Every structure is written in structure tokens, then in C-alpha cells.
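Not measured: the values here are computed from a predicted model. If you read the sequence from its start, that first residue is 1, and numbering goes on from there.
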Amino acid sequence: MKKNLKVAYFSMEIGIRSEMPTYAGGLGMLAGDIMRSCADMGLNAACITMCWQHGYMKQKIYPDGSQSYADRQWNPADFMKRVDETITVTVEGRDVKVGAWMYELEGMEKTVPVFFLDTNIEGNQPGDREITKYLYGGDGAMRLKQEVVLGIGGVRMLRALGYEHVGTYHMNEGHAALLTLELLRERGYEDSAVRPNCAFTTHTPVKAGHDVFDYGLAHYVVGDMLPWHIQKLAGQDSLSMTLLAIHLSRYTHGVSKIHGEVSQAMFPGETIDHITNGVHHLTWSSPEIKELLDKHAPGWRGDPSVLSDLKCDDIPDKEVWDAHQAAKKRLMEEVNKHTAFDFDMDMLTIASARRVVPYKRPELIYNNLERLKEVAHGQVQIIHAGNAHPSDVFSQGVIQRMVQRSSSLKDHVKIVYLENYNPDIARLLISGADVWLNTPTRLHEASGTSGMKACLNGVLNLSTLDGWWIEGYSMDPESGWRIGSMASAADVETHRAVDAEDLYTQLQYEVVPEYYYKDRTRWIRRMKRAIRLVGFFNTHRCVKEYMEKAWVE
Ligand SMILES: *Cc1c(COP(=O)(O)O)cnc(C)c1O
């Protein structure tokens, strides 16, 4: 049976549910939210991704702060149907069979299929069965094999499933760029026959984050699928997945305004636009916030842009506060299962949770412990969460220090580090904290989406001006607080101290007093305005922009 698609969205990872470890972080969460919006909006879309046996790992934190990261066991058959079709790709000159699982993502209007490619099947050599074992694990050769399966295998799987006409092949990050090679082969190696059907999202504001492969390795792994003019498409000296994707896409964009500009500067001569990320409003709002919005923003479920017209003055403060406190209660109950300190419903609670990598600077708030004690003593409690990559010893050390501080600072400020950050823990934190703290090195956060999830629940952002928050804060400075200036970091270390001091100042003179001041009117007004921002920062709006700019046929 012949079938059509408006868009086939290729992504190395996707976050669908906590029990399926098929993602590592923000990139996968965005893919999930975009697909959920497509399903709600009735779009004829499908997603192609990989059936990782082990995506993110199970983090265990010991009392001394050291960690272990263990493989997670899960069975795809518990969640998905196996499709009958298998296809073949060639890696290192060998045939590798690729099967697929189908997850049905149900939305308000439609069910969108997500196809998880799987090489762990009968007939493949043991080494090839492991191509879909570890997300972002292994060496360059392994990564290339994975990208062959995702890109080339993905297009072949679509054909095997009967999808003949696809309006746009969307590459979510350069990992999927090899899909262009299969399209080139199908279309007589005419670039101009491929380009009109492809679009590309770049996510990485630093050069080192872009996939680049040695041509010797590429020829060895990918073989004949590399066209004769690959150097023209992907770079003279080495194979850049980003250049390949840009050169064979009709439209390329970054994921926030500032990230679009940074990417444009990184690839002079190319044209890079931006579509700022969003979050799926129904996935990330607490039940109490849903109830509040059903009452005060009718229609927001089908069309979250109505949140932009939220009549803040008409919503009773008490209703907003009660909705928030209900979520906070759930968070406190969970936290108190994991710590001997008694986390307090009525104390200002700061949460800071994310994948632990150096540029996110999770330790900024501990830059000057005397200042922290001065501003936080007896008034602030802090919750952290976040996994490090199992091979990133540096970031594991960061987590260890943070855990140790929770005891060394215990007479001044309660600190807890929750283990095993995942979407369920994220949901508790982004709805139950009072303040969402984010302190990336400027120009290093492409967008960030957890702060948008916080806004949606009336949790206030306290963040460096980077990624999406530059836009959010500019739209409405009353919706949260900024840390530091807009200037980019000339000297990273000096800026660290300046940012840290500004963070303490904001806490001392703005955040803490406002939280404890009498009836909290000002605070609650900020909460409503934070919710209002999500009228823009939602994935329905992203999908509309994709349709106007990236998915036009
Ligand atoms: C939203 C989310 C992310 C992405 O958040 P950032 O803002 O990029 O840090 C990562 N992990 C989980 C579990 C999430 O829910």
C-alpha cells in the first residue's frame, strides 16, 4: 500500500516516557514534544529514531557523592509493536539487517507513528547487533555505523513500510545527515533533486560539538554510499555532518534567536535562520495548573497560544498559589524520602536540574560559600538533579562535590541531590520548585527547554541571559529574573565570578524578599506572567513555524 507523509522527522534520540531510555537529554525531549504537537495538530508526520537498548543510564549516588551508572533493562515489546519489514544497510562492507518497532503516539487529533530502528536481530553478527546498544557510546566508527542505520536505514525503512512520497525529510541535528545519501542514490545523484525535500535543525553552538569524521574512516564504514562529490558537500578535509546537512537542505535553522546568530557566524556563507524551541503544554503542566487554565484560559489545550492573552488580573491569586502549593507538596514529599533534612513547604525552594556538563556551570551558586550562606541562611533550600555521562569523570566529580556540600553547608542551607534525573523527576521539579535556576556559560546554551516547562507551571526563572531566556526575559522582564549582563564572555573565569556575584545579589535583594514579603502579590503576579510566556514557548507554535518555513512543499 502506497502512503504519503508530510514530514519524516529523523532524530538520534526521542524522549517519550521515562520507562523507555531512548534519549539522553534536551535534544530527545524536544523531538518528543514536537511529535506530540504534530499528533495534537493532526499532522501527517512520522518519526524515525533508534531503539537504544541503553540510552541514558541508571544513576546511583552513594553517600560520599560518588556515582555508578548502570545499564537499564527494558523490553521494547512492552511498549511497541514490531513491524514485519526488515531492510539492509551496508557497513564496513557487510550487510546489516535493520528491523523496527512502532510506537503509536496518540494526540488530540491523530496518532503519529514513531519508528525505532533496531539492529539487535537474528542474522546479524554480534558486533552489529550492538549498533543500537549505547546511545552516544563507542568510538567514531561506531557512531558512523549508527548514523548509517539512522539515515540510510531510516529512508529504506520508510520505503519498505510503503511511504513513497515524503514532503520533508527533517534532520534533527547532524546525526541524521546520511539520509541525504540514500535520497541522492534514489534521485540520480542530483543535489537539486534532494535539496527541496530536506530541512535541518542544528542544536550545537560550539564547534567541537559537531560530528566530524575522517574520510578514511568514512570510506571504510560507509563505502559506496558516499557519492563522488562528498567533499564538495561535506567539507574538503573531513566529513562534517553539519555541512552535509546544510548543503542538502532547503532550510536550516538554530533553536533560539541567539543560537541562530551564533550558528550563522560559525558557518559563514551558509544561510541559517532560527525557530525558537518550545515545550508541549499538555505534557509538562501539573494537574492543578491544567485545572486552573481550563477555567481561565478556555481553549488552551487545543491552542496554547491563547495563553498569551491570559488576563492576569482576573485570576485570583489564591487559585494560582494553591495550584502551585499542591505541586510543591508532591515535590517535598518525594524529596523527604531521600534526605534526612526536613524540606519545608514554606521555604523558598530553588531547583537546578539538568544533564551535568561543564558549560552548564551547575556549581555557580557555590562560587562564594560565604555569600551563599549570607543570602540563603535559613531562607532557601536547594534541590539538584542530573546525570553525568558515564565516561565524563570531570562532571561526575562536580556531582560529587555538590553532594558533599549538602553536608558541609547543612547548618546554613538545606541541599539535596536527587539521583537519576528523568522526565518524571523533571515533572516534579519544574512544577514544585519556586525558582528554576539555570546558569550556563553565555552563548553555550542553544535554547534550553526546562525553563519553559517551569514557566508553564508558574515557577520563576532565575537564569543567565542565554538561549531561549534572552527572548523570554525580553518579552516580559516581570516573568522572572536575569543573572548577569547580555555581554558575551570574553574571559570565562572573570565572568564566572561576576555572574556568581550577580546571582547572590538577585537572591538577596529581589528573590528572597519578594518571596517572603507579606501577601506575595508581586510574586504571584510574576507567576501568572511566566505562564503567559508559554503562549509563545510551546511546540504547537514551533510546529506552525516549521510548517511555514521548513515543511513547505
Ligand atoms: C526538559 C528536559 C531536558 C532539557 O532541559 P534543558 O533545559 O536543556 O536542561 C533534559 N532532561 C529532561 C529529563 C527534561 O525533562
Quick check against the 3.5 Å criterion: does [X] have a side-chain atom that pairs as donor or acceptor with the backbone of [Y]?
| X | Y | result |
| --- | --- | --- |
| Glu13 | Gly25 | yes |
| Asn461 | Gly451 | yes |
| Lys329 | Met345 | no |
| Asp502 | Gly484 | yes |
| Arg361 | Pro440 | yes |
| Asp303 | Gly299 | no |
| Asp118 | Trp101 | no |
| His540 | Ser37 | no |
| Ser463 | Asn438 | yes |
| Gln506 | Val511 | no |

Interatomic distance, [X] atom [atom1] to [Y] atom [atom2] [nearest 0.5 angstrom]:
| X | Y | atom1 | atom2 | answer |
| --- | --- | --- | --- | --- |
| Leu161 | Ile48 | CG | CD1 | 7.5 Å |
| Arg72 | Ser18 | CZ | OG | 8.0 Å |
| Glu173 | Asp211 | CD | CG | 7.5 Å |
| Ile470 | Glu445 | CD1 | CD | 10.5 Å |
| Arg17 | Thr22 | CZ | OG1 | 10.5 Å |

Hey, what's the ring geometry for [X] with [Y], parallel, tilted or perpendicular (30° and 60° as the breaks)?
| X | Y | result |
| --- | --- | --- |
| Trp551 | Tyr9 | perpendicular |
| His175 | Tyr136 | tilted |
| His210 | Phe267 | perpendicular |
| Trp74 | Phe79 | tilted |

Self-check item: salt bridge (charged side-chain N to carboxylate O under 4.0 Å, His left out), paired with Asp317, selected from Arg526, Lys528, Arg520
Solution: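 Going through the options one by one, the only one that passes is Lys528.
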Quiz item: Does Glu510 CD have over 12 foreign heavy atoms under 6.0 Å away?
Solution: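 More than 12 heavy atoms, drawn from other residues, nucleotides or ligands, come within 6.0 Å of this atom.
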Quiz prompt | ring pair (Phe, Tyr, Trp, His ring centres under 6.0 Å), paired with His170, selected from Tyr546, Tyr251, Phe10 | solution =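 Answer to the ring pair (Phe, Tyr, Trp, His ring centres under 6.0 Å) test with His170 among Tyr546, Tyr251, Phe10: Tyr546.
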Practice problem: Give me the one residue out of Leu183, Val155, Leu5, Asn44 that meets side-chain contact (heavy atoms from CB on, under 4.5 Å) with Val166. | Solution: Leu5
Quiz item: Looking at Lys337 and Glu333, does any basic side-chain N land under 4.0 Å from a carboxylate oxygen?
Solution: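 No salt bridge links Lys337 with Glu333.
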Quiz item: Salt bridge or not for Arg330 and Glu334, using N-O below 4.0 Å?
Solution: no
Hey, does [Y] have a side-chain heavy atom less than 4.5 Å from the side chain of [X]?
| X | Y | answer |
| --- | --- | --- |
| Pro423 | Arg427 | yes |
| Phe116 | Ile14 | yes |
| Ser479 | Trp469 | yes |
| Asn538 | His280 | no |

Quiz prompt | Where Arg354 and Ser450 come nearest, the two heavy atoms and their spacing | solution =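 What the structure gives for the nearest pair is NH2-OG, 3.7 Å.
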Practice problem: Have a look at Gln381 and tell me which of Thr349, Asp342, Asp344 forms a side-chain hydrogen bond (donor to acceptor under 3.5 Å, both in side chains) with it. | Solution: Thr349
Self-check item: Cation over ring face, Arg541 and Phe536, 6.0 Å, 45°
Solution: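 Yes, a cation-pi geometry.
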